[in-house]
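One structure below.
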Amino acid sequence: MSARVVAFTREVPRTIAECELTHVAREPIDVAAARAEHAAYERALADARCEVRRLADDDDHPDAVFVEDTAVVLDELAVLARPGAASRRGEIDTVADALGTLRPLARIDAPATLDGGDVLRVGRRIWVGVGGRTSAEGAAQLRAHAAPLGYDVRAVATRGCLHLKSAVTAVADDLLLVNPDWVDADVFGLRTLAVDPAEPFAANALLVSGRVLHGAHFARTRRRLEAAGVRVVPVPAEELAKAEGGVTCGSILVTVP
Ligand code: CIR
């Protein structure tokens with residue numbers, strides 16, 4: 001039997017207007033529009049043969065929809081993150097309860113910090129973006145958990161963006177989509193495709209079941225992806241982008257037998 005993918009998601013909090021913001025200016029967020037976008041994203045995950053499981057609503061944490069940041073899931077275990085933004089640390093407990101049913105749990109301990117959005121995994125290789133939300137010690141703790149399992153874990157510097165996965169994501173097993181202004185593309189040792197320069201936020205894409213979910217408003221970069229043979233599923237993502245979210249942030253994918 002082929003493996004299944006469980007996608008954990010969470011509803012957009014009523015309080016999302018109070019979200020953390022680092023690199024974008026605050027503007028009003030329409031909660032209903034953001035929820036409709038997120039529902040479309042969940043449908044795209046279900047179409048990609050994921051079993052979507054919604055975590056309990058969490059209006060006490062305005063950024064709680066961005067579940068990616070709360071954990072790093074490996075084949076053998078899940079490492080609970082310790083988000084760099086103190087306002088987000090209370091998001092972890094419900095995620096731990098859910099992931100604990102599918103994986104043994106480890107955690108990043110204080111004072112280290114690590115956001116899941118800073119962790120890019122391609123097979124047995126893991127890159128950790130350091131300098132923003134994730135500390136060097138957070139990267140070292142992740143390495144201590146993952147290296148004994150056979151993962152090659154390397155820290156990588158980012159500049160001018162929120163997370164490593166704002167700057168680079170995998171769009172195939174051997175192809176990365178990058179914004180070369182935010183990360184050095186050569187450090188990965190893989191083929192890379194650059195975003196269209198007019199779309200700096202377009203490097204965030206979610207590879208699942210042989211296709212790539214990608215913000216529908218990034219038409220120029222979509223054309224580059226399609227020309228490279230990538231199957232793109234455009235999803236609406238402009239309202240949540242006002243909260244500095246992208247398409248990877250909205251789910252935690254867990255492969256189960
Ligand atoms: C934050 O600043 O933490 C949220 N407003 C956005 C988090 C986006 N997460 C991600 O890119 N993995």
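Note that ligands are numbered from 1 as they come in the structure, with each ligand's atoms numbered from 1 the same way.
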_Closest protein heavy atom to atom 9 (N) of ligand 1, given as residue, atom name and distance to 0.1 Å_ = D69 OD2, 2.8 Å
*Protein contact of atom 11 (O) of ligand 1 - nearest heavy atom, named by residue and atom, plus distance*: C249 SG, 2.9 Å
_Within 6.0 angstrom of D174 CG, more than 12 heavy atoms from elsewhere_ = yes
_R107 CZ: over 12 foreign heavy atoms closer than 6.0 Å_ = no
Is a salt bridge present between [X] and [Y], judged by a nitrogen-to-oxygen distance below 4.0 Å?
X    : Y    : result
E76  : R103 : no
D152 : R154 : yes
E68  : K165 : yes
R159 : D184 : yes

_Polar atom proximity, S166 to ligand 1 (N or O, under 3.5 Å)_ = no
*So is R88 polar-close to ligand 1, meaning N/O to N/O under 3.5 Å?*
yes
*Just let me know how E68 lines up against ligand 1, side chain, backbone, both or neither, with a heavy-atom cut-off below 4.0 Å.*
side chain
*What do we get for K165 next to ligand 1 when only non-hydrogen atoms under 4.0 Å count, side chain, backbone, both or neither?*
neither
*Atoms in ligand 1 with a heavy atom of G117 nearer than 4.0 Å*: 12 (N)
*Touching ligand 1 at all, A243? Heavy atoms, strictly under 4.0 Å?*
yes
*Compute the minimum heavy-atom distance from D63 to ligand 1 and say whether it is under 4.0 Å.*
yes
*So, Y41 side chain and V247 main chain: donor-acceptor pair closer than 3.5 Å or not?*
yes
*Run down the list K242, H163, R133, E244 and name the one with the heavy atom closest to atom 1 (C) of ligand 1.*
R133
